[in-house]
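No hydrogens, no waters, no symmetry mates; every other heavy atom, side chains included, goes into these values. Each chain gets a letter, A, B and so on, in the order the sequences are listed, and its residues count up from 1.
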Amino acid sequence: MQRSHRNGDLSRVHVGETVHLLGWARRVRNLGSLIFIDLRDRWGLVQLTADTTTISPELLHTLKSVRSEFVLSVQGTVELRKSPNQEMPTGDIEVRILDLKILNSSLTPPIPVEDGEEPAGEELRLRYRYLDLRKNSLQKNLWLRSEMTHLIRDHFRQNDFIEVETPILTKSTPEGARDYLVPSRVHAGEFFALPQSPQLFKQLLQVSGFERYFQICRCFRDEDLRADRQPEFTQVDVEMSFINQDDIQDLISRLMVRLSSMVGRTIHTPIPQITYRDAMEFYGSDKPDLRFENRIFDVTHFFAHSEFKLFRNAAESQGQRRVRALGFSGPVAGNLSRKQLDRLEEQAKHLGAGGLPYIKWGKEGLSSSLKKFISEEEAGEIAKALGFSGEGLILLAVGTDTQTSRVLGELRNLCGQQFELIDPSVFAFVWVTEFPMFEWNEESHRWVAVHHPFTSPHPDDLELLEDRPSACRALAYDLVLNGFEIGGGSIRIHSSELQSRIFRLLGISAAEAQEKFGFLLEALSYGAPPMGGIALGLDRMAMLFAGEASIREVIAFPKTAQARCLMTSAPSFVDLRQLTDLGLLKENKQTYRVGAVFFESEASSPALRRALGKRIQEMTSTQTQGLISFDSKGQVIDARTIQEGPFFEFE
RNA sequence: GGGGUCGUAGCUCAGUCGGUUAGAGUGCCAGCCUGUCACGCUGGAAGUCGCGGGUUCGAGUCCCGUCGGCCCCGCCA
């Protein structure tokens, strides 16, 4: 069965032709002696029409039974419309139905299949994802994503890169995110891990001499989710030999120019750069949103003689504690209500600040929570230092670098939105460079790699490694777009000795390094070239390019914040047989799995099974797991609802 | 692990101080309708107020627990 035309392609030039169309009935309008059907296919929408007074009774009967989302095969003639619809690309014409076959019917969709003002709740959208995906917005997003991947492949091919696939079943490594594990049947008790990224493989491919590698690959991290984080996500993975940071940044910057122009944005190379230190100092974030300029300023010295003890103490702390300020000029910020300021203060407290001192110039002049301690001239001088006069608002934070950055950085983002300082059409890319090598982890009481353990230290900081790890910079860089980290990379260590030194510093013993990364250390000692690379988050890029607020909008079948797939109900319990095959069950115990409406046991007879199933159904609700103890005759001894542990064992 | 927020008709939501028969829009079903395109008009059906327990003469509403969606902190080299 073939269509003669795509619905969206039809226009005035086809008038008079007989066409064969296929698609879904988007909407049926029955006016009595006149019926209209909007027929949707992948390429567009066209209006079908029929005059019920002139068509055959059979066709009339079929037409009357058509409902939304029925799948239709239609033969008809293209005609000019009596009343054209300018809103519609095919609005000049319509197709007069000669014959219509219903290829399949459809239940009434549980969610609207069109983009409307009030979309269905996300739970239902995910449950019926295949219907949600019929919507124009999601189709467009997935198309954009597809176009992006094509352009990306094109870019790397043009630059002499080879695309190589790396294993999905791989080795669990310490450091980094929690792994998703896959038990090995052949080697009971042993596990593969799904890759958090192909990091080590791409480095080994450099050792192999491929020099320029890329891959668009799925990565897995078993960590808690966010609007821009899914347990599985797609990375554009890149690695090159004999290059420096500039080479990679140039390659990727040019890619960003091409991608941006795909969605009508013009950006220029070189993409601006900022060091990690400056990003933290001026924007309070390692992924600053540069769509608006408002910077954080150090105003500690203004309070050297202040009556306000908290601030004066900071001024006297010799840099241990600082007073930092974030200013917003203009009447919107200057005339913030008490209530709005309270809300900001609440946010600040949430971020760990004791409060949120402010100075504000509004219609009624100066007002400030520091009024007792600060004169109008002093306030004016601070405003001058921040580069504005007239109406406006200054928010203050006191504390360590980290504390004040955290508070003011977050408030900067909040206020940027609230004061509408952000032009949503702007793409503000920035490279953040010179990340620190290590940060102290309180929990494990050791230094951990900020990027990853294979990152090369900055050559100027090599002597600092052992003595002042916190001061040591890495040859690591992030690509940031509109306040989102869309990529990160580094120059790698290509010396076996230096790599061992870093492992030691990270508290990874020689024995452990050998066990976990022996293959890498070995490979590095066989003529590994200098190398470096980057990984770009394809989902986040697609999200930002599509103008969406969540990566779920650019992923065909995403998972919920609790890492479930509501459509397939994965993850799910598996057959006991599978578990025993994998060596995950102890054989000498009977393990009964009990849930809402079922339980299983290899030992139980069908009769016992039925009897127990009935008892379990009586005792547990449909949405909980039950833990039930019973004796050999199936008498229930004890039953309660549990949250975790689907398994229940007894001797 | 923690915090916030939501859960009422197929869908999106309203529901006052705890009070009689739980509403609206939309969708659905039926009838009418010759230029609709979010068709219109008339009528109709449609509810485990997420689930469980408690308080009360009485619970959609108050309390406790629990399940689920979303957002955030921790976490995410």
Q: Any donor-acceptor pair under 3.5 Å between the side chain of A:Arg125 and the base of B:rG69?
A: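 Per atom types, no contact qualifies.
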
Q: What's the closest nucleotide to the side chain of A:Asp224 if the choices are B:rC76, B:rC39, B:rG1?
A: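 Closest nucleotide to the A:Asp224 side chain: B:rG1.
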
Q: Minimum heavy-atom separation for A:Arg492 and A:Val238, please, with both atom names.
A: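 So the two residues come closest at NH2-O, 4.2 Å.
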
Q: Under 3.5 Å for both donor-acceptor distances, Watson-Crick or wobble: does B:rG40 have a partner, and if so which one?
A: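 Across any shown strand, B:rG40 pairs with B:rC32.
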
Q: Is any side-chain N or O of A:Arg27 closer than 4.0 Å to OP1 or OP2 of B:rU26?
A: no

Q: Would you call A:Arg125 and A:Glu553 a salt bridge, using N to O less than 4.0 angstrom?
A: yes

Q: Between B:rC39 atom P and A:Ile35 atom CD1, what is the distance in whole Å?
A: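 These atoms are roughly 14 Å apart.
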
Q: Tell me which nucleotide, if any, is Watson-Crick or G-U wobble paired with B:rA24 when both distances must be under 3.5 Å.
A: B:rU12

Q: Can you give one letter per nucleotide of nucleotides 28-36 of chain B, 5' to 3': B if a protein heavy atom sits under 4.0 Å from the base, S if only from the sugar-phosphate, - if neither?
A: SSS--BBBB

Q: Tell me which nucleotide, if any, is Watson-Crick or G-U wobble paired with B:rG68 when both distances must be under 3.5 Å.
A: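 Across all strands, the one nucleotide that pairs with B:rG68 is B:rC6.
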
Q: Would you find a donor on one side and an acceptor on the other, under 3.5 Å apart, between the side chain of A:Ser456 and the backbone of A:Ile493?
A: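 Not at all, since once roles are kept as given, no pair shorter than 3.5 Å links the two residues.
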
Q: Rounded to the Å, how far apart are A:Glu87 CD and B:rC37 P?
A: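 Going from CD in A:Glu87 over to P in B:rC37 covers 11 Å.
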
Q: Answer yes when A:Arg412 and A:Asp289 have at least one side-chain N-carboxylate O distance shorter than 4.0 Å, and no when they do not.
A: no

Q: Please determine if a side-chain N or O atom of A:Arg127 lies less than 4.0 Å away from the OP1 or OP2 oxygen of B:rG69.
A: no

Q: Tell me which nucleotide, if any, is Watson-Crick or G-U wobble paired with B:rG47 when both distances must be under 3.5 Å.
A: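 Pairing partner, where one exists within any strand: none, as none qualifies.
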
